[in-house]
Amino acid sequence: MDPHVWISPKNAKIEMENIKNAFVELDKENADYYESNYQKYAKMLDELDAKYSESLNKLPNKTIVVSHEAYGYLCKEYGLTQIGIKGVNAETEPDAKKMAEIINYIKENKIKTIFTEELIDPKVSKIIADETGCEVKVLSPIEGLSEEEIKNNEEYFSIMDKNLENLVGALK
């Protein structure tokens with residue numbers, strides 16, 4: 001089961017509304033504050049969703065190769081398919097048969113980018129990239145921030161913008 005529900009802006013909005021409702025229930029005196037913040041970020045999530053839809057719907061390619069299958073909700077929302085080097089569990093290593101299948105798939109389908117994450121070792125992705133001529137780029141599942149991202153004041157929206165930029169570049 002893919003726990004990465006927040007990677008879809010529509011799901012993130014639902015989660016945010018549920019959190020807001022819980023705060024309002026526990027702290028009714030500050031309900032206006034919670035509602036105001038919710039409205040602000042809900043609008044930003046709607047705009048992000050529209051940007052993703054507009055950008056990804058017009059692209060000819062719809063398949064991404066990823067280090068691990070953390071993008072099911074994102075893919076479902078925007079008509080993409082993910083091919084995972086690893087399954088939903090990022091800690092498992094693929095066997096030689098699985099790696100050969102991925103390499104053949106990449107070559108047959110002229111995939112030019114393999115997506116990895118900033119918080120896992122990209123070793124396997126780099127091996128496959130060397131075999132196929134792909135480049136390796138980051139597609140963040142926003143599970144945690146790197147030290148550099150924290151230092152640069154990165155947050156959900158800035159990371160999702162980078163994700164979209166990398167997706168568009170890979171799927172052209």
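For the single chain, residues carry numbers from 1 onward in sequence order.
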Start with the C-alpha distance between Glu47 and Lys43, add both sets of side-chain angles, then the distance that settles salt bridge (Lys or Arg N to Asp or Glu O under 4.0 Å), and finish with yes or no. CA-CA 6 Å; Glu47 290 167 356; Lys43 181 179 184 225; 3.6 Å; yes
Do you know which two heavy atoms are closest between [X] and [Y], and how far apart they sit?
X: Pro141; Y: Glu117; answer: CG-OE1, 3.3 Å
X: Cys134; Y: Thr113; answer: SG-N, 4.0 Å
X: Asn11; Y: Tyr73; answer: ND2-CD2, 3.3 Å
X: Glu149; Y: Glu118; answer: OE2-OE1, 3.1 Å
X: Tyr78; Y: Asn57; answer: O-OD1, 4.3 Å

Mark yes when over 12 heavy atoms from residues, nucleotides or ligands other than [X] sit less than 6.0 Å from its [atom1]; otherwise mark no.
X: Lys76; atom1: NZ; result: no
X: Lys112; atom1: NZ; result: yes
X: Tyr41; atom1: OH; result: no
X: Asp32; atom1: CG; result: no

Any [X] side-chain heavy atom under 4.5 Å of [Y] side chain:
X: Ile159; Y: Leu145; result: yes
X: Lys13; Y: Asp46; result: yes
X: Pro94; Y: Ile102; result: no
X: Asp130; Y: Ile127; result: no

Grouping I, L, V, M, F, W and Y whenever their side-chain heavy atoms are under 4.5 Å apart, do [X] and [Y] come out in a common cluster?
X: Leu74; Y: Met44; result: yes
X: Tyr105; Y: Ile64; result: no
X: Leu139; Y: Val136; result: no
X: Leu45; Y: Tyr34; result: no
X: Tyr71; Y: Val5; result: yes

Under the side chain to side chain contact (heavy atoms under 4.5 Å, CB included) criterion, do Glu131 and Met99 qualify, and how do the steps go? CA-CA 10 Å; Glu131 283 290 318; Met99 287 183 66; over 6 Å; no
Salt bridge or not for Glu35 and Lys20, using N-O below 4.0 Å?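 Salt bridge between Glu35 and Lys20, a charged N being under 4.0 Å from a carboxylate O: yes.
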Can Val24 and Tyr33 be said to form a side chain to side chain contact (heavy atoms under 4.5 Å, CB included), step by step? CA-CA 9 Å; Val24 167; Tyr33 171 77; over 6 Å; no
Show your reasoning for whether side chain to side chain contact (heavy atoms under 4.5 Å, CB included) applies to Thr81 and Lys62. CA-CA 6 Å; Thr81 301; Lys62 300 291 184 189; 5.6 Å; no
Working to the nearest 0.5 angstrom, can you tell me the gap between [X] [atom1] and [Y] [atom2]?
X: Asp121; Y: Lys126; atom1: CG; atom2: NZ; result: 8.0 Å
X: Ile142; Y: Phe157; atom1: CD1; atom2: CZ; result: 9.5 Å
X: Phe23; Y: Asn18; atom1: CZ; atom2: CG; result: 12.5 Å
X: Ile114; Y: Ile83; atom1: CD1; atom2: CD1; result: 12.0 Å
X: Thr116; Y: Lys137; atom1: OG1; atom2: NZ; result: 13.5 Å
X: Lys123; Y: Ser67; atom1: NZ; atom2: OG; result: 13.0 Å

Under 3.5 Å, which donor-acceptor pairs link side chains of residues 161-172 to any protein atom two or more places apart or in another chain?
| unit_1 | atom_1 | unit_2 | atom_2 | d |
| --- | --- | --- | --- | --- |
| Asp161 | OD1 | Lys51 | NZ | 2.8 |
| Lys162 | NZ | Glu154 | OE2 | 2.7 |
| Asn163 | OD1 | Ser140 | N | 2.8 |
| Asn163 | ND2 | Ser140 | O | 2.8 |
| Asn166 | ND2 | Val138 | O | 2.8 |

Look at the aromatic rings of His4 and His68 and report parallel, tilted or perpendicular, splitting at 30° and 60°.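 His4 and His68: perpendicular rings.
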Heavy-atom donor-acceptor pair, Asp95 side chain to Lys97 backbone, under 3.5 Å: yes
Tyr52 vs Met160, test: side chain to side chain contact (heavy atoms under 4.5 Å, CB included). Steps then yes/no. CA-CA 9 Å; Tyr52 264 75; Met160 288 295 286; 3.5 Å; yes
